[in-house]
Number of protein chains: 2
Amino acid sequence: MNTLNHTESTAVSTDVVIFTMREERLSVLLVKRSREPFKGFWALPGGLIGEGEALDEAAHRMLAEKTGIEGVYLEQLYTFGIPQRDPRGRVVSVAYYALLPYCRLRMTERAGNLAWHELGALPETLAFDHGEIVAMAKKRLCAKLEYSTIAFQLMPEKFTLSELQAVYEEILGERLDKRNFRKRVQNLGCLEETGEQFRAGKHRPAKLYRIKAPGRVDIIK
Amino acid sequence: MNTLNHTESTAVSTDVVIFTMREERLSVLLVKRSREPFKGFWALPGGLIGEGEALDEAAHRMLAEKTGIEGVYLEQLYTFGIPQRDPRGRVVSVAYYALLPYCRLRMTERAGNLAWHELGALPETLAFDHGEIVAMAKKRLCAKLEYSTIAFQLMPEKFTLSELQAVYEEILGERLDKRNFRKRVQNLGCLEETGEQFRAGKHRPAKLYRIKAPGRVDIIK
DNA sequence: TCAAAAGTGTTGTGTTTACACCCATGA
DNA sequence: TCATGGGTGTAAACACAACACTTTTGA
């Protein structure tokens with residue numbers, strides 16, 4: 001059995017764009033870098049892949065290290081590898097994106113070096129090419145809203161249709177018609193009423209729904 | 001400036017699924033391995049990325065090395081990285097797929113270790129996880145037919161609408177209605193008549209079309 | 001004149017959009 | 001009783017699918 005000839009040393013890392021819906025806004029989790037390069041800049045959670053670790057295992061690990069939670073929706077996004085992307089040397093980064101309901105978090109934004117940032121108000125520049133990675137993840141998420149049930153991965157266990165609609169509107173950046181929206185999501189057949197109601201203020205309470213198969217993301221149409 | 005701590009040596013390669021339409025059949029270019037591991041098995045063209053070489057540059061290089069041609073459509077597919085995928089050690093492979101018109105090839109299928117294989121009649125098992133890579137590329141290509149003009153990248157400079165329809169039918173694996181098909185592609189506005197005709201046998205000659213912006217792939221709808 | 005593929009429109013069906021009012025509640 | 005968001009149906013517009021005959025050529 002041969003061994004490989006390495007002409008150079010290349011590092012492989014994963015960076016994870018972790019999306020959540022926080023205070024009605026689509027947000028990503030960023031880490032403030034404490035070391036050069038890009039000291040003081042915000043970066044995506046990430047790191048080198050471990051020996052014997054699959055790429056998506058590594059991504060799940062990054063996610064668990066920062067958020068403390070497991071079993072969330074995670075999907076490979078793209079691999080970034082221009083030679084200059086890390087000033088320390090050649091690093092190829094396999095980017096992932098994750099979606100999680102904010103309520104599941106048990107996270108301390110420790111010492112201010114871990115924080116949620118609204119997508120509409122990101123820092124001017126992020127470390128490395130992370131701005132580009134976030135932009136691509138947002139674009140992919142937008143596209144997937146149209147032809148899959150991916151948005152459900154951002155919802156808590158129980159939610160109202162208005163809350164779901166607000167999530168779509170925030171991500172797509174446009175208002176949707178209430179009746180058409182409800183017709184569409186109800187026809188998917190993925191939702192069921194919990195039978196419970198949610199009271200929020202001085203108006204009619206809303207029905208609560210849950211997802212029939214919580215882990216599942218379906219391609220629609 | 002720091003340097004990276006490598007906990008291990010990881011190699012990064014690219015493998016390229018090169019599609020063409022050959023004798024009415026969607027085919028991929030495979031290389032017969034002359035060395036272990038998988039000696040004698042067919043594999044995708046690929047290899048380690050070079051120092052200072054971007055990932056898509058590496059993919060273009062693989063393509064040029066095997067086919068001798070440049071400037072073809074190339075897109076990143078997915079990155080494969082389970083630790084066991086190469087018995088020699090850890091190799092993360094960034095897979096690409098390419099589309100090219102068969103007529104552009106000036107390639108010698110040298111000594112029988114480089115050959116086109118119809119997608120419908122691939123060898124039972126390919127080297128490494130290359131069977132999986134090809135399957136994913138085919139699936140992506142199918143999906144993109146529906147919402148982009150990607151199929152045009154398989155066409156020669158001039159072609160008839162019937163030839164174009166045959167390409168769609170072969171990839172999708174279903175017959176299409178002639179009138180609806182022609183309506184659709186003509187409404188895209190990407191095609192123009194050359195004014196020439198193509199005679200092929202004892203029947204009415206077909207108009208030849210060309211693509212207005214040959215390099216370009218548009219997202220439609 | 002026959003065979004073979006090129007070329008061409010219309011109609012029906014289903015999907016998507018636009019749109020406005022009543023309901024249940026808390027203050 | 002009023003303000004607030006929850007909840008509901010219908011009609012028009014549009015996109016998509018189904019479908020058959022005439023044209024041009026070479027043999």
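Numbers restart at 1 for each chain; the letters A, B, ... are given by sequence-line order, proteins then strands.
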For [X], what residues pass the salt bridge (charged side-chain N to carboxylate O under 4.0 Å, His left out) criterion, not counting sequence neighbours?
X        : result
A:Glu70  : none
A:Glu196 : A:Lys158
B:Arg179 : none
B:Lys138 : none

Please work out which residues in residues 156-172 of chain B have a non-hydrogen atom less than 4.0 Å from an atom of DNA chain C and list them by number.
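Per residue number, the list reads B:Ser162.
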
What residues from residues 196-209 of chain B pass a heavy-atom cutoff of under 4.0 Å to DNA chain C?
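Heavy-atom contacts with DNA chain C come from B:Lys202, B:His203, B:Arg204, B:Pro205, B:Ala206, B:Lys207.
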
A quick test of your reading: do over 12 heavy atoms of other residues, nucleotides or ligands sit less than 6.0 Å from NZ of B:Lys212?
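Yes - once you tally the heavy atoms of other residues, nucleotides and ligands closer than 6.0 Å, there are more than 12.
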
What contact category does A:Arg184 fall into here, base, sugar-phosphate, or nothing, at under 4.0 angstrom with non-hydrogen atoms?
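No contact.
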
Partner set under ring pair (Phe, Tyr, Trp, His ring centres under 6.0 Å) for A:His117, not counting sequence neighbours:
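With sequence neighbours excluded, A:His117 shows a ring pair (Phe, Tyr, Trp, His ring centres under 6.0 Å) to A:Trp42, given in chain and number order.
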
Ring pair (Phe, Tyr, Trp, His ring centres under 6.0 Å) partners for B:Phe152, two or more places apart:
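Partners of B:Phe152 under the ring pair (Phe, Tyr, Trp, His ring centres under 6.0 Å) test: none.
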
Under the side chain to side chain contact (heavy atoms under 4.5 Å, CB included) criterion, do A:Leu74 and A:Val16 qualify, and how do the steps go?
CA-CA 9 Å; A:Leu74 186 74; A:Val16 187; 4.0 Å; yes

Could you note down all residue pairs passing salt bridge (Lys or Arg N to Asp or Glu O under 4.0 Å) where residues 200-209 of chain B supplies at least one of them, sequence neighbours left out?
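Those involving residues 200-209 of chain B are B:Glu193-B:Lys207.
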
Nucleotide N/O to protein N/O under 3.5 Å, stretch nucleotides 9-14 of chain C:
from, atom 1, to, atom 2, distance (Å)
C:dT10, O4, B:Lys183, NZ, 3.2

Check B:Glu65 with B:Arg61, please: is the shortest side-chain N to carboxylate O separation under 4.0 Å?
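Looking at B:Arg61 and B:Glu65, the cut-off is met.
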
Pairwise side chain to side chain donor-acceptor pair (under 3.5 Å) hits with a residue in residues 141-151 of chain A, at least two apart
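Pairs touching residues 141-151 of chain A that pass the test: A:Glu75-A:Lys144.
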
Checking side-chain contact (heavy atoms from CB on, under 4.5 Å) against B:Leu105, which of B:Leu29, B:Leu100, B:Ile18 comes through?
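Looking at B:Leu29, B:Leu100, B:Ile18, the match for B:Leu105 under the side-chain contact (heavy atoms from CB on, under 4.5 Å) is B:Leu100.
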
Any donor-acceptor pair under 3.5 Å from B:Tyr96 side chain to B:Asp56 backbone:
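Between the backbone of B:Asp56 and the side chain of B:Tyr96 there is a qualifying donor-acceptor contact (under 3.5 Å).
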
Along DNA chain D, first and last positions that approach a heavy atom of chain A under 4.0 Å
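That gives a stretch of D:dA3 to D:dT10.
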
Please report, rounded to the nearest Å, how far the C1' atom of C:dT8 is from the CG atom of B:Asn187.
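Answer to the nearest Å: 14 Å.
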
